[in-house]
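Letters A, B, ... are given to chains in the order of the sequence lines, protein chains preceding strands, and every chain is numbered from 1.
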Number of protein chains: 2
Amino acid sequence: MSAADRPRAGCRPLIDDKWSLVVISFLGSGPRRFTELRRGIDGISQRMLTVTLRSLERDGILVRTIHNVMPPNISYGLTPLGVSFLESVTPMLEWSQANLKHVEAARVAYDAQKVLEGR
Amino acid sequence: MSAADRPRAGCRPLIDDKWSLVVISFLGSGPRRFTELRRGIDGISQRMLTVTLRSLERDGILVRTIHNVMPPNISYGLTPLGVSFLESVTPMLEWSQANLKHVEAARVAYDAQKVLEGR
DNA sequence: CCGAATCCTTTCCGATACTG
DNA sequence: CAGTATCGGAAAGGATTCGG
């Protein structure tokens, strides 16, 4: 990779909080309702789901749609901007899955070395 | 994008803290010394640079090298694992740069709408 | 120059209770 | 079902000081 191919140093990700990526990748397979998200995303609290959805709606990453059927329900789906973002993070998500073992091994080796050195 | 192309829902990025991506992308152009990083990365405190470097060293993303020249100095450089990670985040970093204006515009529109609705 | 240690403030976030 | 409001503990992070 040459320097010209890379974004300039110091640039920051626009979406970088704890739950946004998980929510976005969950919505990659199609719109979901609040409760589906809550049950489908392990460990998220109701509060953080609400906060995250609001923030992503504000950023134009997803849209909140109220369906006037009986009973009424609300769904969340990615916008075209959200889809393009998901596509851009997919390589990083795949890297994380593929290299989880490598990173864990590096941590174990590092910690073991620290113990040998006497903290 | 089909469902099979995507990492399974709920997977989490291995590196997702505030400063790691900035440090890694800064090191993409080659090894740097502590003070170069400190001066080159806008807004990072000395403490957070230290903490971030340790964490990334532990993860096997970068290596700390002590050069026994006069005067001695210490440099930080990406490992092959770190380079592969940087390559995987590059699309997301480029997306962030390319869509900053879009997202900011969406935020302004959202906030304006909220005001119209009377909070 | 590099970084550890301490202190202190800010922000995050889960639990809980309540509304249409 | 789909939220909002509030509270308190936990964690992040900045400022400062000290040491090799």
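- Between the side chain of A/Thr79 and the backbone N or O of A/Gly60, at least one donor-acceptor pair lies under 3.5 Å.
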Exercise for the section: Determine, for nucleotides 13-20 of chain C in 5'-to-3' order, which nucleotides have protein heavy atoms under 4.0 Å from the base (write B), from only the sugar-phosphate (write S), or from neither (write -). Expected result: BBB-B---
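- Computed from coordinates, the B/Asn68 CG to C/dC2 P distance equals 14 Å when rounded to whole Å.
- A perpendicular orientation is assigned to the rings of B/Trp95 and A/Phe85, their planes being inclined by more than 60° (bins at 30° and 60°).
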Practice task
Determine, step by step, whether B/Arg64 and B/Ile74 satisfy the side chain to side chain contact (heavy atoms under 4.5 Å, CB included) criterion, reporting the C-alpha distance in whole Å, the side-chain angles of both residues, the deciding distance to 0.1 Å, and the verdict.
Solution key: CA-CA 7 Å; B/Arg64 180 172 182 268; B/Ile74 297 171; 3.4 Å; yes
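- If you take CG of A/Asp16 and P of C/dC12, they are 11 Å apart, rounded to a whole angstrom.
- A/Glu57 places its CD atom 13 Å from the C1' atom of D/dG3, with the value rounded to the nearest Å.
- The distance from atom CZ of B/Phe34 to atom P of D/dG20 is 18 Å, rounded to the nearest whole Å.
- Residue-level contact check: B/Arg64 touches the backbone only, with heavy atoms under 4.0 Å from sugar-phosphate atoms and none from bases.
- Contact check, A/Tyr76 against D/dC1: no side-chain N or O comes under 4.0 Å of OP1 or OP2.
- A/Leu53 has its CG atom 7 Å from the P atom of D/dG3, to the nearest Å.
- Nucleotide D/dC1 holds its P atom 16 Å from the CZ atom of A/Arg32, rounded to whole Å.
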Practice task
Please report the C-alpha distance between A/Glu104 and A/Arg107 in whole Å, then the side-chain angles of each, then the deciding distance to 0.1 Å, and finally whether the salt bridge (Lys or Arg N to Asp or Glu O under 4.0 Å) criterion is met.
Solution key: CA-CA 5 Å; A/Glu104 283 174 350; A/Arg107 288 174 181 166; 5.8 Å; no
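- Expressed to the nearest 0.5 Å, how far CG of B/Leu93 lies from OG of A/Ser88 amounts to 9.0 Å.
- The distance from the CG atom of B/Leu86 to the CG atom of B/Leu27 is 9.0 Å, given to the nearest 0.5 Å.
- The separation between A/Ile66 atom CD1 and D/dC1 atom P is 17 Å, rounded to whole Å.
- As judged by a 4.0 angstrom heavy-atom cut-off over every strand, A/Arg33 is placed among residues touching the sugar-phosphate backbone only.
- Nucleotide C/dA4 holds its P atom 10 Å from the CD1 atom of B/Ile74, rounded to whole Å.
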Handout entry: CA sep, side-chain torsions, deciding dist, call: B/Lys18, A/Asp16, salt bridge (Lys or Arg N to Asp or Glu O under 4.0 Å)
Key = CA-CA 8 Å; B/Lys18 186 177 178 182; A/Asp16 69 345; over 6 Å; no
